[in-house]
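Proteins get letters first, then strands, A, B, ... in listed order; numbering begins at 1 in each.
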Amino acid sequence: MSVRVRFAPSPTGYLHIGGARTALFNWLYARRHGGVFVLRVEDTDQARSTEESYRAIIDSMRWLGLDWDEGPEVGGPHGPYTQMERLASYAQAADRLVDEGKAYRCYATKDELDALRRDAERQKKQFFYPHLWRDKTSKDWIAGAPYVIRFKSPLSGETSFDDEVFGRITTPNDHLQDFVLLRSDGVPLYNFGAVVDDVTMKITLVARGRDHVVNTPQQVLLYEALGAPAPRFAHLPMMLAPDGKKLSKREAERYDIPVSVTAYRDRGFSPDGLLNYLVRFGWSHGDQETFTRREMIDLFDFSGASRADGKFDMKKCLAINHKISKDERTTSRHEYARRARPFVEARGLAPDDAHLGRALDVVRERARTFVEAADAVDYFFREPVARDPVAVKSALVPAAAPVLARLRAEVAKLDALDPETLHAALDATFDWKQAGPAARVALTGRAASPGLHEVMSALGKATVLARLDEAIAIASAG
RNA sequence: GGCCCCGUCGUCUAGCGGUUAGGACACUGGCCUCUCACGCCGGUAACACGGGUUCGAGUCCCGUCGGGGUCACCA
């Protein structure tokens, strides 16, 4: 049977970093096995679902490059891929279960149940749905009154399944509630909607966060009741905040960790950089730290997944992004410039491609993100260059004027400013240890920068001469 | 609390009965050097604890402790 997996986010917020990892693992599994990757929108929580969230999720998936074969915007043979457009399917399945005596109508109201729940809480007892309507028949139904459809859970025995990463998981049935399949308005709840869809969409493996293992038994029971074979399951360990708490937005902010994929994009991460951090979170292939997409796909396997939850490490995430971005093997020069450009333009600069490319070549190895790259490249294009007052005060002193003047004279004699020519022309006569600081502030306005020969080369002769003239004037004025 | 799961350096992890317990990030000493990075060489640092099984346990079993997940007409 061909492999079919899905990623099924609910549009109740941005795409969470943990969700992105789940999506990645599913995508890798599908690509690895030449299968189909389905994107399905679980928007049955009408109170929280928004069009804006839907948009953010789609955009994030595209930015990450996790393309789907079936789903919203691309369609497919099992559509629609949005649950609110599939209500008839759930109603039909639910009716069938009721007819077969595997589910039943429950007329107890939410208020009524909430009251019971509060009572249980007050008595410090666990609330358990009293089987109010479990054993009633259609003769007891109240015409015109709202009802939900509940699953008739087994009262004894146990349910188990073989998880691809955790192995066999078995849980007793006796504490299973008669969970709700269909709300009184006909909208399905998560467990039911997901199972009905997974059956009709012929999903063969479900990979998701470990927080879902608890409702897997209920889903297994549902497959059974529906007379459909259950897919395989693969649960992934949780991604936690540095303190071991849930990586919620609030918790993450305390550690300056972005939680939405769009935030990583805005912070100047490259999709491949982020993906490389994520793929090594809960999965490994020996000691290999970074992968090209091709390698990820070829090497991915659930046997490489770990079972222990992990804590997010922003420093490492940045380091991995840095490694991926600066390496031509994983990020081409052209790709780097294409992604960096918007961040440069956001600073009000508009260099042409050739000029930008030269500057990025010079700073690339020292920028962890495109935001840092844009900052590092700023003085190449800003006129007049912005000079750091502290650096000016310490380096552009009167004594530096003659040194800068001599540098200006030497550069003026040259035709091309490539690094080799500059080294040949200047190194014999300049003591860079002494001339460096002043030249650096003159040319870049900063106390730290890439090597001066490289900087001059990327700056171009005209700009170099102009900036030296400015600096000489500043230095002379003291 | 019930049920389920997990436990190797600070962090991500390798390990699948016999290893000086390896790598990466972080931290740190040094080299390189016009500064900052990059790069290179080196260092600190881990098998939660207690019982078993075994000639031999990080690897297998049990217990303890610790951590996490979940108990909705949310997903």
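Per the geometry, CD1 belonging to Ile169(A) stands 7 Å off C1' belonging to rC5(B), to the nearest Å. One interatomic measurement links the two molecules: CZ of Phe312(A) to P of rU13(B), which rounds to 12 Å at whole-angstrom precision. Arg440(A) places its CZ atom 11 Å from the C1' atom of rA37(B), with the value rounded to the nearest Å. Lys110(A) places its NZ atom 10 Å from the C1' atom of rC74(B), with the value rounded to the nearest Å. Rounding to whole angstrom units, CD of residue Gln177(A) and C1' of rC3(B) are separated by 12 Å. Atoms CG (Asp287(A)) and P (rA24(B)) sit 8 Å apart, rounded to a whole Å. In this structure, CD of Glu121(A) is placed 12 Å from C1' of rG1(B), rounded to the nearest angstrom. What separates NE2 of His453(A) from P of rU35(B) is a distance of 13 Å, to the nearest Å.
Side-chain atoms of Pro242(A) and Ile257(A), non-hydrogen and from C-beta on, do get closer than 4.5 Å to each other. Between Thr330(A) and Asn276(A) the shortest side-chain heavy-atom distance does not fall below 4.5 Å.
Among the heavy atoms of the strands lying under 4.0 Å from Glu42(A) are primed sugar atoms or P, OP1, OP2 only; no base atom is included. The residue Asp114(A) sits apart from the nucleic acid: no heavy atom pair falls under 4.0 Å. Within the nucleic acid shown, Pro450(A) comes within 4.0 Å of at least one base atom, counting heavy atoms only. Using a 4.0 Å heavy-atom criterion, one finds that Ala395(A) contacts no nucleic acid atom at all. Counting any heavy atom pair closer than 4.0 Å across all strands shown, Thr171(A) reaches sugar-phosphate atoms only and no base atom.
A sub-4.0 Å separation between OP1 or OP2 of rG69(B) and a side-chain N or O of Lys245(A) is absent. Between Arg183(A) and the phosphate of rA75(B), there is a side-chain N or O to OP1/OP2 separation shorter than 4.0 Å. A sub-4.0 Å separation between OP1 or OP2 of rA14(B) and a side-chain N or O of Ser284(A) is present. Within the structure, a side-chain polar atom (N or O) of Thr44(A) is placed less than 4.0 Å from OP1 or OP2 of rA75(B). For the OP1/OP2 pair of rC36(B) and a distance below 4.0 Å, the side-chain nitrogens and oxygens of Arg446(A) include no atom meeting the criterion. Of the side-chain N and O atoms in Ser306(A), one or more sit less than 4.0 angstrom from OP1 or OP2 of rU13(B). Taking side-chain N and O atoms only, Lys326(A) has a distance below 4.0 Å to OP1 or OP2 of rG39(B). Residue Lys311(A) has a polar side-chain atom (N or O) positioned under 4.0 Å from OP1 or OP2 of rU11(B).
Checking rC9(B) for Watson-Crick or G-U wobble geometry (two distances, each under 3.5 Å) identifies no partner in any strand. Summarising the base pairing, rC40(B) is matched to rG30(B) through a Watson-Crick or G-U wobble pair whose two defining distances lie under 3.5 Å. With a cut-off of 3.5 Å on both Watson-Crick or G-U wobble distances, the partner of rU53(B) is given as none. In this entry rG2(B) has rU70(B) as its Watson-Crick or G-U wobble partner, both defining distances falling under 3.5 Å. Remark: rU35(B) base-pairs with no nucleotide in the shown strands. Criterion, Watson-Crick or G-U wobble with two distances under 3.5 Å.
The closest side-chain donor-acceptor pair between Thr331(A) and Arg364(A), if any, does not fall under 3.5 angstrom. Defined by atom type and a distance below 3.5 Å, a donor-acceptor pair is missing between the side-chain atoms of Arg267(A) and Thr369(A). Inspection of the Asp43(A) and Gln83(A) side chains reveals no N or O donor paired with an N or O acceptor under 3.5 Å.
Evaluation of atom-type donor-acceptor distances gives a pair under 3.5 Å for the side chain of Ser184(A) against the base of rC73(B).
Toward the 5′ end of RNA chain B lies the nearest nucleotide of Pro172(A), the other residue of the pair Asn191(A) and Pro172(A) mapping further downstream.
Checked for salt-bridge contact, Lys316(A) and Glu289(A) meet the test: a charged N lies under 4.0 Å from a carboxylate O.
The only member of Arg307(A), His235(A), Arg168(A) that meets side-chain hydrogen bond (donor to acceptor under 3.5 Å, both in side chains) when paired with Asp163(A) is His235(A).
Between rC47(B) and rG15(B), the distance separating the two C1' atoms is 11 Å to the nearest Å. Spacing between rC5(B) and rC9(B) at atom P, rounded to whole Å, works out to 23 Å.
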